[in-house]
Amino acid sequence: MKQYIELSAEVQQAKTEGKAIVALESTIISHGMPYPQNVQMAREVEQIVRDNGAVPATIAIIDGKIKIGLTDDELELFGKSSGVAKVSRRDLAQIIATKQLGATTVATTMICANLADIKIFVTGGIGGVHKGAETTMDISADLEELAQTDVAVICAGAKSILDLGLTLEYLETKGVPVIGYETEVLPAFYTRKSEHKLNFSTDSIEVIADTLKVKWELDLKGGAVIANPIPEVHAMDEDYINGIIDQAIKEAEEKHIVGKDSTPFLLGKIKEITGGKSLDANIELVKHNAKVGTQIAVSFNNKTK
Ligand code: PSU
Ligand code: MN
């Protein structure tokens, strides 16, 4: 197994020193945002992790290896290249075996982080149950991964391109804790609120770290979602963004966009219709998640080392 994994020098050193490490995904770079904002976002997020006392490990598949931590050149290559594969659990072995350039989704980043014994992972939003999934069966592999892989994901909830109620039902069935940080309801990515009340909310980083520690010490398999709302000043107007999301979904249906192309198409469309405003919000919420996620990683690391 080890022959497929390569740690960056910075991550290797963090391991030796027992420092907290925060995993970051690469699909958000290659398929979630346009160049050059994507690379700039990735660099800023890495710096926020460092400034808050941990080491960032952006994960991607390059030349037959799972890279845990990217160099600046690798980040740039990722952000610029157009032929990067979007790699979910299904695709991981194939992309490594054929030595393709691959970007890891939430599901695959969890798998790779876990292989490198990194337990805390920061991103923007998770995949979930798509609207209309009762007929399309489009349910993100992210949810199954959360059910089985011991990595906590700090995100701003999920976008309303998804059916948030069904996404929560699915996570409940699979026994995945969804912890609201400074929120009583599931945040909806661009907005701080949705109509879906969470059963566990806290304002304490300590309590989150303790909960993760207990969960895994009890060998309760699987991850957790820590839902951290977008800061008020960057939140978008709910009616405005939901109208645009509906428009994007309609266009995806008309164009018969399905499978793994669905989420990137919708993200791109929303950005286009909002004239880039959704991208600004997206970048700001990821930065905020990086700060909160790093605090959790540092606290968890102190409790478990
Ligand atoms: N949501 C976002 N930005 C993203 C994604 C989701 O706001 O970039 C990406 C993540 O990598 C996530 C993936 O794991 O999309 C989910 O894709 P799918 O719905 O095909 O499972
Ligand atoms: Mn899907």
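When a ligand or atom number is given, it counts from 1 through the structure's own listing order. Sequential numbering from 1 along the given sequence is applied to the chain's residues. None of the values given here were measured: they were computed from a predicted structure. Below, each value reflects all heavy atoms present in this structure, side chains not excepted, and no hydrogens, waters or symmetry copies.
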Rounded distance (nearest 0.5 Å) linking atom CD1 of Ile179 with atom OG1 of Thr211: 5.0 Å
Quick one: which of [options] has a heavy atom closest to [atom]?
atom: atom 18 (P) of ligand 1; options: His31, Lys86, Lys260, Met33; value: Lys86
atom: atom 21 (O) of ligand 1; options: Pro264, Ser140, Ala158, Gly259; value: Ser140
atom: atom 19 (O) of ligand 1; options: Leu267, Val153, Thr263; value: Thr263

State whether the shortest distance between N or O atoms of [X] and N or O atoms of ligand 1 falls below 3.5 angstrom.
X: Thr105; answer: no
X: Glu25; answer: yes
X: Val106; answer: yes

Ile154/Tyr181 under side-chain contact (heavy atoms from CB on, under 4.5 Å): CA gap, chis, key distance, verdict: CA-CA 10 Å; Ile154 291 82; Tyr181 178 65; over 6 Å; no
Within-4.5 Å side-chain heavy-atom neighbours: Ile161 and Lys131: no
Gln148 side chain to Glu144 side chain, donor-acceptor N/O pair below 3.5 angstrom: no
Backbone N/O of Ile230 and side chain of Arg192: donor-acceptor pair under 3.5 Å: yes
Closest protein heavy atom (residue, atom, distance) for atom 6 (C) of ligand 1: Gly125 O, 3.6 Å
